[in-house]
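Letters A, B, ... mirror the listed sequences (proteins, then strands); counts begin at 1. Reckoned from all heavy atoms, side chains included, excluding hydrogens, waters and symmetry mates.
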Amino acid sequence: MGSATRVATAVHVADQAGWEGLIRALQRTHAVWGPVQEGERVILKEITEPAALRVDVPPTLLPTKKVYRAPRETLFQFSRKQARAAPDSGQREAAAKPLALVGIHPCDLKAIQLLDRVFTGFFVDDRYSARRAQTFIIVSNCTTPFRSCFCTSFDSGPFARNGFDLAVTRLGDRYLLQAGSPAGQTFLAVLDFPAASSSDLAELVTAEAGARQQITRRIDTDGLTRLLNMNVDHPVWDEVADRCLCCGACTAVCPTCYCFSVRDRLNLDLETGERQMDWTSCLIMEFSQVALGHNPRHHRVARVKQRLYHKFSYFNDQYGEFGCVGCGRCVETCVADLDPVEILARLR
Amino acid sequence: MEKLMTPRPAVIERIRPETADTLVYTLRFAEPEVQQGYTFQPGQFNEISIFGVGEAPISISSDPNNRETFEHTVRVVGNVTRALARLREGSHVGVRGPYGKGWPMERLRGHNILLIAGGIGLAPLRPVIQDVLRHADLYGSLEILYGARSPAELLYVDEYDVWDAHPQIRLRLSVDRMDGTAAAAATAGGGAAGAGASNGMTGVGVAGPASALAGPQVMAERVKRATVALERYGGQVGPVTVLFDQMVTSPRGAVVITCGPEIMMKYVALGLVERGWSPEQIFVSLERRMECGVAQCGHCQIGPLYVCKDGPVFCYKDIRYLPEAVF
Ligand SMILES: Cc1cc2nc3c(=O)[nH]c(=O)nc-3n(C[C@H](O)[C@H](O)[C@H](O)COP(=O)(O)OP(=O)(O)OC[C@H]3O[C@@H](n4cnc5c(N)ncnc54)[C@H](O)[C@@H]3O)c2cc1C
Ligand code: SF4
Ligand code: FES
């Protein structure tokens, strides 16, 4: 980790008005989505008023997968009588403005990069890749990590290194901006913000180091896959299974959980309908159930293991990296207070 | 770009009742250019759609050399398969595929093959048998050990004589029990419906009154032929492994391909290893719940493997120690 691999472009400074102007400029060409505080919760949603967008808040309740792979997506329309899928006109997508994600955390950016491998690695999902390709990303570096975070374990924060168009770091009333792509560079050039001073730059370095220091929760990834493979029968799994309600909340909020189910939904005419995909969860009993009731993950312990083994072992075999980015959402969400940091520490 | 999960229309050219709960469908893509461009490897599968009901992964069970049509052998067990059984010749379904990694054809060529199947598990192996019949010079011998629960449930009964008459092919059969007499077969529809009752199926036969499944008369005739076949091909009562004592293929330079219930494949693999076969010579075809076929829905995973992409055919040596396989 370190700043060496970051795209070396000049850092610019904007004040609050300049930052809001930037968002307004982006809104002319893009649908801008970002974190908005709503009561206790932080929600990822489309921004109408730039001042509502917050870059200094905990992770959004749902991560960015909700825009790339919505909780429910229509695959296609069909007619039963014709027994065929209507060719997708692509109108909905074409009519929509391209997306800008502003203020997403570095861990969520890393999660997007992991999902890219899932949805475009072996087979290319055209809709996902089209949405991805047109997305403008402004990542917000975390200067004040939150209580459940452990991104440093997976090299996914607190500062982003690549994969963004712009990175913003908020230091008091200043927004430090740095381009990470040609598109970001062009965009920044038009706005003509002043260059950062050397004391701004020094502060940036201190801010990163400070943030890093505050993240004390950690998963030791050294030999983790091997450790897991050696401990498939460890008593901790039964303890987790006893507490876990298998409600699927953790998989819903996880930025790297991608599993979906497919189902046909008929319209009231009982003739036309849509094939849809919905988010699902490997914790749900029916997930692996096949016809006539057979289920290779009938027992809860098998399902809780699947979730954790997939994140911390199998994903690595499949895609070359761990499937967790340390955002802490599952920890915050779990009603049974289950925490992968604690669970995995038990194996050491 | 082609949408990953959008099926193409296909016409059902022919429906042949196989058993009281299984039908064989001959399909052709409705768009000629799609049919022309379609090829598959033995052991691969398609996703079959009934719009308004859903999709099911089904192995391709026909001769890979036939580019005009392809076949699926489908056992009625739930919603999609039941809806399929109600269709008529000339109906359309949605098809996308082929998916997955099939049998190791390169490896099979030039070697002796031991093919061991249980029940509907013979379906994905039939393309291998047909390729051997067509390109016999490319293969060594083919020994088929096939077991079903009862005579009434033996698949492809009318093809056995052609298979076994081929000088390179030898067929041996087993059934778990002999109660598939003509009388029992007459009520076989009722029996299968009983199995399906837990699935919400009730009433006449497995797929309801309007299905194309074999009725009592047809089944009684079939069971007669199955009983003759059993006598002719060394019929034994017991799990398919009872045929091991009659097996003539020796491990040297041979390859095993097996498909059936997972527990059957487990005992086949263990039994063969005991008899001197090495795990590296044994290939199994696994079944898991699938909702996409393209390594994205997550359902079919076993450990680090996607059964839809890395399988369904796996080498036994690669999966025998996987935490979640029964092996
Ligand atoms: C690689 C592969 C090849 C197969 N080949 C054949 C074949 O040649 N002939 C045959 O009769 N059957 C085959 N099956 C099994 C067949 O897919 C299931 O019987 C079928 O999906 C049941 O669907 P249903 O809607 O009738 O049942 P339901 O119980 O109503 O199933 C509902 C949904 O569950 C899922 N599902 C249920 N059972 C299975 C299962 N066993 N495998 C995968 N998904 C399942 C499907 O998404 C299905 O739409 C194969 C399965 C796999 C994985
Ligand atoms: S497993 Fe938990 S901490 Fe890791 S990425 Fe998913 S929600 Fe975040
Ligand atoms: S069937 Fe969807 S991942 Fe394999």
Does A/Q289 offer a backbone N or O that forms a donor-acceptor pair with the side chain of B/R289 under 3.5 Å?
-> yes
At a heavy-atom separation under 4.5 Å, does A/Y258 approach chain B through its side chain, its backbone, both, or neither?
-> both
How many angstroms lie between OH in B/Y99 and CZ in A/F123, if you round to the nearest 0.5 Å?
-> 7.0 Å
Chi angles and distances behind the side-chain contact (heavy atoms from CB on, under 4.5 Å) call for B/F51, A/F76 | CA-CA 11 Å; B/F51 298 103; A/F76 51 76; 3.6 Å; yes
Which region of A/H294, side chain (C-beta onward) or backbone (N, CA, C, O), has a non-hydrogen atom less than 4.5 Å from a non-hydrogen atom of chain B, or is it both or neither?
-> neither
If one checks every heavy atom of A/R265 against chain B at 4.5 Å, the contacting part turns out to be neither
Considering only heavy atoms and a distance below 4.5 Å, find which of B/G94, B/G52, B/G298 pairs most often with chain A.
-> B/G52
Non-hydrogen atoms of chain B under 4.5 Å away: do they reach the side chain of A/E274, the backbone, both or neither?
-> neither
Check whether A/R117 gets within reach of chain B through its side chain, its backbone, both or neither, counting any heavy atom under 4.5 Å.
-> neither
If you round to the nearest 0.5 Å, how far is CG of B/N79 from CZ of A/R263?
-> 12.0 Å
Would you indicate whether B/Y267, at its atom OH, is surrounded by more than 12 heavy atoms from other residues, nucleotides or ligands within a distance under 6.0 Å?
-> no
Side chains of B/S49 and A/R275: do they bring a donor and an acceptor to under 3.5 Å?
-> yes
Between NE2 on residue B/H92 and CZ on residue A/R84, distance to nearest 0.5 Å | 5.0 Å
More than 12 non-hydrogen atoms from neighbouring residues, nucleotides or ligands closer than 6.0 Å to CZ on A/R226, yes or no?
-> no
Quick one: closest heavy-atom pair of B/I50 and A/D264, and the distance?
-> O-OD2, 3.5 Å
Part of B/E262 within contact of chain A (heavy atom distance under 4.5 Å) = neither
Can you check whether B/Q296 reaches A/M277 side chain to side chain, under 4.5 Å on heavy atoms?
-> no
Kindly compute the distance separating CE (B/M5) from CG (A/D126), expressed to the nearest 0.5 Å.
-> 11.5 Å
Rounded to the nearest 0.5 Å, how far does CG of A/D125 lie from SG of B/C292?
-> 10.0 Å
Pair count under 4.5 Å, heavy atoms only, with chain B: among A/C282, A/P296, A/G273, A/S261, highest is A/S261
Heavy-atom distances under 4.5 Å only: say whether A/S313 touches chain B with side chain, backbone, both or neither.
-> neither
What part of B/V53 lies closer than 4.5 angstrom to a heavy atom of chain A: side chain, backbone, both or neither?
-> backbone
Is chain B contacted by the side chain of A/Y128, its backbone, both, or neither, given a heavy-atom distance below 4.5 Å?
-> neither
Working to the nearest 0.5 Å, report the span between CZ of A/F122 and CG of B/D310.
-> 7.0 Å
Is A/D269 atom CG crowded by more than 12 heavy atoms from other residues, nucleotides or ligands, each under 6.0 Å away?
-> yes
Side chain proximity check, B/R75 to A/L292, heavy atoms < 4.5 angstrom | yes
Name the option with the most non-hydrogen atom pairs under 4.5 Å to chain A; the candidates are B/H299, B/R288, B/E291.
-> B/H299
Chain B contacts, top residue of A/Y309, A/F287, A/F119 (heavy-atom pairs, under 4.5 Å) | A/F287
Within 6.0 Å of CG in A/L268, more than 12 heavy atoms from elsewhere = no
